[in-house]
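What follows is a set of notes on a single structure, which appears directly below.
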Amino acid sequence: MANKNKNENGANSTSLTEFDAVIVGAGFAGMYTLHRLRGMGLSVRVIEAGSDVGGTWYWNRYPGARCDVESMQYSYQFSEELQQEWEWSERYATQPEILRYVDHVAERFDLRRDIQFDTRVTAATFDDRTSRWRIETDDGGQFSTAYCVMATGCLSSANRPQFDGQDSFTGPIYHTGHWPHEGVDFTGQRVAVIGTGSSAIQSIPVIAEQAAQLIVFQRTPNYTVPAHNGPLDPAAVAEVKADYAGFRARAKRTPTGNLFEVGGRSALAVSAEEREREYEARWRAGGLPFLAAYADIMFNPVANRTVADFVRNKIRAIVDDPTVADMLAPRNIIGCKRICVDSGYYQAFNRDNVSLVDISETPIEMITPEGVSVAGQVYEFDAIVSATGFDAMTGALLNIDIRGSGGLALRDKWQDGPVAYLGLALAGFPNLFTITGPGSPSVISNMLPAIEQHVNWITDCIGYMRDKGLARIEAQPDAEAAWVSHVGEVADMSLRSSCSSWYVGANVPGKPRVYMPYIGGVPVYAQKCEQVAAAGYEGFALS
Ligand code: FAD
Ligand code: N01
């Protein structure tokens with residue numbers, strides 16, 4: 001049987017249904033997995049719901065979208081030639097620039113010919129008899145594969161709260177994660193932004209410059225640190241490129257896989273003046289390193305408060321209206337929700353055309369044909385931007401009807417929250433791998449190296465299976481349970497698990513509350529993965 005191949009760039013109009021490996025998703029993870037597995041001589045098909053490569057950077061085209069891990073680090077390292085030839089223009093690349101990079105990678109490694117676009121995987125079923133997966137797609141396609149690699153993304157399934165009456169709104173409602181490719185011109189419009197996470201914080205200053213009026217609906221204020229973005233200094237770039245491998249190796253030894261200075265002392269071991277100087281210096285330097293000033297910021301609430309107070313004071317200094325400043329100032333633990341990195345976020349609230357509505361006590365009642373109704377008042381809009389985030393880490397996987405050995409459904413296995421071995425594999429689901437899955441550093445770290453580490457591990461594992469003539473690998477329930485319990489213990493030691501964030505699934509009504517990423521640090525985690533492999537895949541049954 002043959003499937004229609006909708007890939008315009010593909011040479012064939014039809015494709016085989018039998019593959020050594022099927023990869024779901026063509027973001028950074030799926031692209032690199034394809035490159036590796038094809039290089040090993042496997043027959044591979046990537047299935048991607050979007051019309052082109054890039055994943056996050058294909059879908060998130062909202063105004064102001066850019067990375068907040070520095071470009072020189074938010075890029076692949078698997079090819080020395082690639083990292084030498086690519087020139088980033090800014091400290092934090094914009095979404096269009098990252099998409100140009102993705103396109104360059106796809107062309108350079110001739111990836112598109114094995115990617116089937118505009119196709120969504122709806123089901124994956126393991127056949128115990130043949131030890132193969134049957135993959136089904138929304139266009140009726142069926143594939144048989146020895147290995148299934150889920151590169152479906154941690155932040156790819158949009159969280160779209162269902163407000164009463166929202167279908168009646170006469171204008172458009174945009175989700176930041178599904179932004180129209182042609183862009184949106186808000187000139188002269190009355191615009192609502194719902195949400196104050198990273199997507200909102202990046203887009204608000206840009207939308208504010210266009211719109212006639214912008215009203216932000218805030219449920220929980222967020223901490224954000226200035227990006228101080230700008231062109232990259234050619235001398236600094238040359239210095240990194242002179243020893244890019246050494247630069248990457250040093251990054252790997254840091255807790256989050258990000259090369260910046262991590263303070264080793266307690267915030268409480270120094271004087272208030274010294275702390276202030278340190279926070280000020282980091283605030284001026286900008287970006288995520290701000291939160292790494294002292295070792296105990298994420299462990300000791302008193303230490304945490306010193307840095308939270310610093311940011312609250314900054315907000316009061318930047319925002320002219322004290323009432324608005326007070327509304328914007330978060331009261332919870334800094335870093336518990338992911339901190340944001342902005343370009344002029346707090347400053348945007350000094351504009352005459354921008355205002356803030358606190359919906360923490362009085363949630364959005366409904367969307368009416370005219371706009372948004374809160375506490376009996378209807379705010380009228382021409383357009384609504386839903387910056388409401390994602391069903392993170394588990395959403396994209398649970399959207400697929402995945403059934404493992406003996407018909408076990410992933411939706412049942414994860415009824416009380418995600419359970420996985422190293423965030424890489426699942427007991428009961430042989431020959432299936434998840435990239436940056438729950439229980440790995442993933443979203444708590446620089447995602448590009450996290451992805452590459454997982455892809456290298458998975459493809460090495462498949463190579464091992466092939467070399468040994470093995471057909472089936474499956475995580476063992478006891479190894480999985482021990483890892484899950486370790487992930488939970490480590491999370492409990494940190495302040496990160498102490499608030500209602502998307503890391504614990506709190507943003508999606510009804511989602512079980514489990515701290516999903518592994519926060520024991522990249523070096524510890526990578527070492528554990530290496531040990532498991534070196535011991536002949538300890539914790540897995542191979543046959
Ligand atoms: P994705 O890029 O999400 O790709 C997954 C792909 O799988 C998608 O294209 C999706 O369409 C496809 N897919 C999913 N389900 C199916 C299905 N059933 N059938 C077919 N296809 C499917 N991380 C950082 O480390 N630093 C940053 O600065 C940073 N910035 C970010 C900015 C934004 C706006 C967002 C949303 C995330 C950001 N992230 C950042 C996280 C980012 O998601 C990762 O860095 C990385 O891009 C993830 O790559 P991926 O390939 O794993 O997943
Ligand atoms: O999503 P979010 P995001 N009614 O979940 C609010 C990465 N990223 O897309 O906090 C009203 O953070 C919700 O309120 P609350 C990064 O990892 C990176 O912004 O739940 N409001 C919150 O304010 C990031 O963390 C960049 O009370 C509702 C907002 O919507 C992750 O992606 C840029 C609501 C959602 O914030 C997700 O970021 C963008 C409701 N019913 C994204 N439901 C970079 O800068 C939700 N909200 C690199």
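Being a predicted model, the structure only gives us computed values, none of them experimental. Basis for what follows: all heavy atoms, side chains included, without hydrogens, waters or symmetry-related copies. Numbering of ligands and ligand atoms starts at 1, following listing order.
Looking at Trp57 against ligand 1, only its side chain comes within 4.0 Å, counting heavy atoms. Residue-level proximity to ligand 1 for Asp68 is carried by backbone and side chain together, each with a heavy atom below 4.0 angstrom. Contacts with ligand 2 closer than 4.0 Å are made by side-chain heavy atoms of Ile359 only, the backbone lying farther away. Contacts between Val69 and ligand 1, counted as non-hydrogen atom pairs separated by less than 4.0 Å, involve both the backbone and the side chain. Under 4.0 Å from ligand 2, the heavy atoms of Phe163 that appear belong solely to its side chain. Residue Val443 does not touch ligand 1, judged by heavy-atom distances below 4.0 Å. Of all the heavy atoms of Tyr62, the ones lying under 4.0 Å from any atom of ligand 1 belong exclusively to the side chain. Contact annotation: for Tyr62 versus ligand 2, heavy atoms closer than 4.0 Å belong to the side chain alone. Residue Tyr92 does not touch ligand 1, judged by heavy-atom distances below 4.0 Å. When non-hydrogen atoms are compared, ligand 2 lies under 4.0 Å from the backbone of Cys67 (N, CA, C, O) but not from its side chain. Residue Pro161 touches ligand 2 through its side chain alone, judged by heavy-atom distances below 4.0 Å.
Atom 35 (C) of ligand 1 has its closest protein heavy atom at Thr56 CG2, 3.4 Å. Looking only at protein heavy atoms, the nearest one to atom 8 (C) of ligand 1 is Glu48 OE1, 3.5 Å. What sits closest to atom 27 (O) of ligand 2 on the protein, heavy atoms only, is Thr220 OG1, 2.4 Å. Looking only at protein heavy atoms, the nearest one to atom 23 (O) of ligand 2 is Thr196 N, 2.9 Å. Of the protein's heavy atoms, Arg219 NE, 3.6 Å lies nearest to atom 14 (O) of ligand 2. Closest to atom 10 (O) of ligand 2, if we only count protein heavy atoms, is Lys337 NZ, 2.5 Å. The protein heavy-atom contact nearest to atom 44 (C) of ligand 1 is Tyr74 OH, 3.5 Å. For atom 15 (N) of ligand 1, the closest non-hydrogen atom of the protein is Thr152 CG2, 3.6 Å. The single protein non-hydrogen atom nearest to atom 36 (O) of ligand 2 is Gly197 CA, 3.5 Å, given as residue, atom name and distance.
For a threshold of 3.5 Å applied to N or O pairs, the pair formed by Cys154 and ligand 1 contains no separation below that value. Checked against a 3.5 angstrom limit, the closest N/O atoms of Asn222 and ligand 2 fall outside it. On a distance-only criterion, Gly25 and ligand 1 share no N/O pair closer than 3.5 Å. The shortest N/O to N/O separation between Ala387 and ligand 2 falls below 3.5 Å. Looking at ligand 2, you'll find an N or O of Gln202 within less than 3.5 Å of one of its N or O atoms.
Heavy-atom distances between Ile364 and ligand 2 stay at or above 4.0 Å for every pair. The shortest heavy-atom distance from Ile194 to ligand 2 is under 4.0 Å. In this structure, Val53 falls outside the shell of residues with a heavy atom less than 4.0 angstrom from ligand 1. Using a 4.0 Å cutoff on heavy atoms, Gln218 does not count as a contact of ligand 2. Proximity of Ile400 to ligand 1 is established by a heavy-atom distance of less than 4.0 Å. Ligand 1 has no atom lying under 4.0 Å from any heavy atom of Ile435. Ligand 1 has no atom lying under 4.0 Å from any heavy atom of Ser199. Look at Val443 and you'll find every heavy atom at least 4.0 Å from all atoms of ligand 2.
Ring centers of Tyr379 and Phe217: under 6.0 Å apart, within the cut-off. Aromatic ring centres of Trp86 and Tyr101 lie closer together than 6.0 Å. For an aromatic pair to be called close, the ring centres must be under 6.0 Å apart, and Phe126 with Phe429 fails this.
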Decide ring pair (Phe, Tyr, Trp, His ring centres under 6.0 Å) for His454 and Phe433; before the verdict, give the C-alpha distance in whole Å, the side-chain angles of both, and the deciding distance to 0.1 Å. CA-CA 9 Å; His454 266 196; Phe433 298 100; 9.9 Å; no

